[in-house]
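Here is how names work: the chains are called A, B, and so on, in the same order as the sequence lines, proteins then strands, and each is numbered from 1.
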Number of protein chains: 2
Amino acid sequence: MALEHAILVSLLEQPGSGYELARRFERSIGRFWNATHQQIYRVLKRMESDGWVNSEAIGQDGRPDKRAYSVTGDGRDQLVEWLREPVQPEAVRHELAVKIRGAAFDDDAGRTALIAEVVRYRAEHETTLNRYLTGEKRDFPDDTDLDTGQRLQHVVLRGGIAYERMLLDWLDDVLETLRKI
Amino acid sequence: MALEHAILVSLLEQPGSGYELARRFERSIGRFWNATHQQIYRVLKRMESDGWVNSEAIGQDGRPDKRAYSVTGDGRDQLVEWLREPVQPEAVRHELAVKIRGAAFDDDAGRTALIAEVVRYRAEHETTLNRYLTGEKRDFPDDTDLDTGQRLQHVVLRGGIAYERMLLDWLDDVLETLRKI
DNA sequence: CCTTGCTATGCAACTCGTTGCATAGCAGGA
DNA sequence: TCCTGCTATGCAACGAGTTGCATAGCAAGG
């Protein structure tokens with residue numbers, strides 16, 4: 001498992017509280033590694049007791065204190081160690097693919113319902129693609145004057161864009177196939 | 001969770017034992033939903049006690065008995081019910097993407113090591129793509145005389161092929177980006 | 001001959017991830 | 001005014017997934 005490491009990367013890019021991390025996981029890094037606030041709070045505590053991060057309580061009026069986390073030298077060493085380990089083979093879980101194969105064991109009404117569901121799913125991913133493209137224009141308008149971190153963030157975003165485009169094309173193929181049955 | 005449903009689809013396509021299912025999950029359906037033999041055995045037992053599948057002990061000389069599982073009417077009903085539920089948003093976990101962003105916090109030696117790792121990872125996925133393409137030629141040589149189940153299996157396989165091609169292109173982009181830093 | 005690996009199933013312990021719930025004050029809209 | 005929703009953190013329980021190990025006979029290669 002490596003939620004720890006995703007958190008280290010996110011905190012190195014920008015220190016913040018558990019809550020802020022949870023928000024970020026919904027947007028930025030969470031496109032490639034998702035996590036709920038519960039997981040993040042729990043893991044942050046473990047990381048703090050292991051000395052990978054420091055926290056500082058920040059009083060806010062009328063609200064519970066915020067804990068602002070930042071990465072320690074030890075945490076950074078841990079990240080570097082992990083970076084040099086081989087990448088684990090991914091655990092693929094593509095529910096839609098299972099449902100499409102399952103549609104062979106449903107009737108016409110079921111397949112019609114699946115078509116509607118694929119259309120909905122496609123629309124969701126079209127929205128995601130547009131969000132990525134908007135973010136790309138905003139954050140990386142000019143590719144020539146970017147620092148190392150930004151270049152790497154950009155290439156990861158390009159991966160997300162390529163994935164969404166591939167997915168939309170495939171979903172069109174799926175729809176055509178389902179409609180011909 | 002839906003390992004149950006992936007198992008139902010696989011058993012409907014072809015009944016078999018827990019061990020055979022585990023093999024299949026490594027090859028066919030496991031490309032889109034992976035699981036270890038442990039999970040499969042445990043879930044099969046639960047499914048049997050819930051009446052979703054039946055099993056028949058088959059004696060084999062010199063070896064432990066095999067339990068051949070097949071789907072009951074109830075199991076099929078459960079599958080159909082699940083098929084009509086909306087697709088859950090995927091839990092994305094792309095370790096390599098996190099490592100690439102993390103490379104901003106490593107030194108040149110670390111980035112060189114990451115390039116080597118990406119090259120290795122790329123070679124793995126090239127092998128996967130070739131396996132898919134070989135399987136496609138073998139199982140779907142002529143797209144005109146396929147039954148519903150085969151057409152659906154084929155479109156899912158085309159999804160796998162599209163994914164691997166997209167990934168290889170992106171990895172080339174990643175390598176170029178890392179080498180320019 | 002010995003070791004490795006395959007078929008075939010399973011237990012036990014552990015970690016990870018999910019879900020439901022709780023607190024608590026503030027802001028904004030119906 | 002009331003309700004919803006946001007910031008901000010956290011506990012508890014449960015379900016899912018992983019890892020290590022065990023049994024057991026057979027086949028194949030060095």
(request) Provide, to the nearest angstrom, the distance between the CZ atom belonging to B:Arg24 and the C1' atom belonging to C:dA8. (result) 15 Å
(message) If I take atom CD in residue B:Gln39 and atom P in nucleotide C:dC16, what distance separates them, rounded to the nearest angstrom?
(response) 16 Å
(request) Only one of B:Leu175, B:Asp173, B:Val174 passes side-chain contact (heavy atoms from CB on, under 4.5 Å) with B:Thr177; say which it is. (result) B:Asp173
(message) Using whole Å, what does the distance between atom P of nucleotide D:dG15 and atom CD of B:Glu4 come to?
(response) 12 Å
(request) Identify, between B:His37 and B:Arg46, the residue whose nearest nucleotide on DNA chain D lies closer to the 5' end. (result) B:Arg46
(message) Just the rounded figure in Å: distance from C1' of D:dG17 to CZ of A:Arg93.
(response) 8 Å
(request) Provide, to the nearest angstrom, the distance between the CD atom belonging to B:Glu20 and the C1' atom belonging to C:dC6. (result) 14 Å
(message) Output the rounded distance in Å from OH (B:Tyr41) to P (C:dG10).
(response) 7 Å
(request) When you get a sec, tell me which of C:dT18, D:dT18, C:dT7 is the closest nucleotide to the side chain of A:Thr36? (result) C:dT18
(message) Ignoring hydrogens and geometry beyond distance, is the side chain of A:Arg67 in donor-acceptor contact with the base of D:dT7 at under 3.5 Å?
(response) no
(request) Determine the minimum heavy-atom distance between B:Gly18 and B:Tyr41, stating which atoms define it. (result) CA-CE2, 3.9 Å
(message) Please report the distance, rounded to the nearest Å, between CG in A:Leu21 and C1' in D:dG10.
(response) 16 Å
(message) Testing the basics here: between B:Glu95 and A:Trp82, what is the closest heavy-atom pair and its distance to 0.1 Å?
(response) CG-CZ2, 3.6 Å
(message) For a quick check, tell me whether the side chain of B:Arg42 and the base of D:dG17 share a donor-acceptor pair closer than 3.5 Å.
(response) yes
(message) With nearest nucleotide decided by heavy atoms, which residue, B:Gln88 or B:Arg23, maps closer to the 5′ end of DNA chain C?
(response) B:Arg23
(request) Determine the contact category for B:Gln38: base if any of its heavy atoms lies under 4.0 Å from a base atom, sugar-phosphate if only primed atoms, P, OP1 or OP2 are that close, otherwise nothing. (result) base
(message) Minimum heavy-atom separation for B:Arg179 and B:Val119, please, with both atom names.
(response) NH2-CG2, 4.0 Å
(message) Expressed as a whole number of angstroms, how long is the span from A:Ile40:CD1 to C:dT18:P?
(response) 11 Å
(request) Would you give the length of the straight line joining atom CE of B:Met47 to atom CZ of B:Arg42, rounded to the nearest 0.5 angstrom? (result) 14.0 Å
(request) Would you please confirm or rule out a distance under 4.0 Å between OP1 or OP2 of D:dG10 and any side-chain N or O of A:Lys45? (result) yes
(request) Considering just the side-chain nitrogens and oxygens of B:Ser17, establish if one lies under 4.0 Å of OP1 or OP2 belonging to C:dT9. (result) yes
